[in-house]
Every structure is written in structure tokens, then in C-alpha cells.
**Q** 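Got a structure here, written out as C-alpha cells. Questions coming.
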Amino acid sequence: MNSIAYYIVKPDDIKAIELIADWYLKEWNIPANTTIQRLTALPLESVPFQVMMTLDGLPIATGGLYNHIAQHDHEPYFKISGAWFTLMYTTNENRNRGYGALLCEKIKDLSKGFGLKEIFLFAYTGETLYKRLGWQEIARIRSKDRDIAVMETKLG
């Protein structure tokens, strides 16, 4: 079947929000309550937003676009004004199958639909994926013992 669908997670979609919180806790050790609070406070139909990707009706990936990211609090360079693509997660069994690229393109399309001209991201993993998708490195910094590429894509 392999039917892919996307939807913007709404603040009252508790089942999806709890699943994302569980994914983020396991992947990056982000406390579940932090994710739940952030996602239940999202506005409707504007930036910031969180997208869920499903395959045959089952959630397999998520990512979001935010005006404030945690790195803003730790690294001055990240205070570039604009929207930041962040926290893209794909379930283990669905990694390396192109779903991350599809989700990234969907988030870029949604961002363009909200009138954005560019979006940013930081990457210490997945940098080759983003370059392949047309993202340009605009800086490289060292933060918390990580070599981080700060990237931008123009939405045209």
C-alpha cells in the first residue's frame, strides 16, 4: 500500500503529542513534559508548527518549524532571526528510506505557504541529507563539543 500522508499537529491532538514526546525523550533525552508543553501551546495554522508523517496510517516521522529553539539559549550565533527547522525524527525501522527527505520538503512547502522566504537549521548529524536537498551552509560553529553546521534554504 505505502500511502504517505502529512498533517500539522494540533494542540489538542494529545495522542500524537505524547508519541512525539516519547520519541524525543528516547532520541535526544528531551523531557516529555517539555515537548508536551511546547506542542500543546502551538497556534493553529501558522508558524511555529509541528508536522506528523504517516505511512499507511501509522506515524513514522515528525519535525517542526519554530521561531525559538533551545540552542538560542546556549549559543549566541543561533539568535539569527527567522524560522528554524528542528527536531526531525524518523522511527528506527523507517530510517534511510527517504522519508526524512520527504518530510523536510513538506515542511519547506508549508513554510513557503506561510509566506516565509527562508528557513534555517543546525546540523551535527544529517548534514549530507540537507545539502542534497539544497540547504546551504552559512556558518560552522563548535558548541558543547559538537561541530555544528548552521544552514539556510531559500524558499522561492
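Hydrogens, waters and symmetry mates play no part in the numbers below; they use all other heavy atoms, side chains included.
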**Q** Between Tyr7 and Ala16, what is the shortest heavy-atom contact and its length?
**A** OH-CB, 3.6 Å
**Q** Going from CD1 on Ile107 to CG on Leu155, what distance comes out if it is rounded to the nearest 0.5 angstrom?
**A** 12.0 Å
**Q** Assess the side chains of Gln50 and Thr62: does a donor N or O sit below 3.5 Å from an acceptor N or O?
**A** yes
**Q** Out of curiosity, Met53 CE to Met88 CE, how far, rounded to the nearest 0.5 Å?
**A** 9.5 Å
**Q** On a heavy-atom basis, which atom in Cys104 and which in Trp135 lie closest, and how many Å separate them?
**A** SG-NE1, 3.6 Å
**Q** Would you say the ring centroid of Phe120 lies under 6.0 angstrom from that of Trp84?
**A** yes
**Q** Under the criterion side chain to side chain donor-acceptor pair (under 3.5 Å), which of Asn92, Thr91, Asn96 is the partner of Asn94?
**A** Thr91
**Q** Under a 4.5 Å cut-off applied to non-hydrogen side-chain atoms, are Phe49 and Val9 in contact?
**A** no
**Q** Could you check whether any side-chain heavy atom of Lys108 comes within less than 4.5 Å of a side-chain heavy atom of Thr153, counting everything from C-beta outward?
**A** yes
**Q** Closest heavy-atom contact between Ser111 and Leu65?
**A** OG-CD2, 3.0 Å
**Q** Mind checking the CG-NZ spacing from Leu129 to Lys131? Nearest 0.5 Å is all I need.
**A** 12.0 Å
**Q** Assess the residue pair Leu116 and Val47 against the criterion (side-chain contact (heavy atoms from CB on, under 4.5 Å)); give the C-alpha distance rounded to whole Å, side-chain angles, the decisive distance to 0.1 Å, and a yes or no.
**A** CA-CA 9 Å; Leu116 298 175; Val47 176; 3.9 Å; yes
**Q** Under a 4.0 Å threshold between the charged nitrogen and the carboxylate oxygen, would Glu93 count as salt-bridged to Arg95?
**A** no
**Q** Between Leu19 and Met52, which heavy-atom pair has the shortest distance, and what is it?
**A** CD2-CE, 4.3 Å
**Q** If the plane angle is over 60° it's perpendicular, under 30° parallel, otherwise tilted; pick one for Phe85 and Tyr130.
**A** perpendicular
**Q** Could you give the distance from CG (Leu103) to OG1 (Thr90), rounded to the nearest 0.5 Å?
**A** 6.5 Å
**Q** May I ask you to say whether Glu18 pairs ionically with Lys15, meaning some side-chain N is under 4.0 Å from a carboxylate O?
**A** no
**Q** Side-chain contact test, heavy atoms from C-beta onward, threshold under 4.5 Å: evaluate it for Tyr6 versus Thr54 and give yes or no.
**A** no
**Q** Would you compute the distance between atom CD of Glu27 and atom CD1 of Ile20 and round it to the nearest 0.5 angstrom?
**A** 14.0 Å
**Q** Got Thr86 and Leu121 here, is their nearest side-chain heavy-atom distance under 4.5 Å?
**A** no
**Q** Going from OG1 on Thr35 to CG on Leu25, what distance comes out if it is rounded to the nearest 0.5 angstrom?
**A** 8.0 Å
**Q** Using a 4.5 Å cut-off on heavy atoms from C-beta on, say whether the side chain of Ile8 contacts that of Leu110.
**A** yes
**Q** May I ask you to say whether Glu127 pairs ionically with Arg140, meaning some side-chain N is under 4.0 Å from a carboxylate O?
**A** yes
**Q** Check whether any side-chain heavy atom of Gln136 lies under 4.5 Å from a side-chain heavy atom of Glu152, and answer yes or no.
**A** no
**Q** May I ask you to decide if Ile30's main-chain N or O and Thr34's side chain share a donor-acceptor pair within less than 3.5 Å?
**A** no
**Q** Measure up the Tyr24 and Tyr89 rings against each other and bin them: parallel (under 30°), tilted (30 to 60°), perpendicular (over 60°).
**A** perpendicular
**Q** Does the Lys117 side chain pair with the main chain of Lys112, one donor and one acceptor, at a distance under 3.5 Å?
**A** no
**Q** Indicate the atoms forming the closest heavy-atom contact of Ala32 with Ala21, along with that distance.
**A** O-CB, 3.8 Å
**Q** Honestly curious: do Leu42 and Ile14 fall in one hydrophobic cluster under the side-chain, below-4.5 Å linking rule?
**A** no
**Q** Quick one: are Leu55 and Tyr99 in side-chain contact, heavy atoms under 4.5 Å?
**A** yes
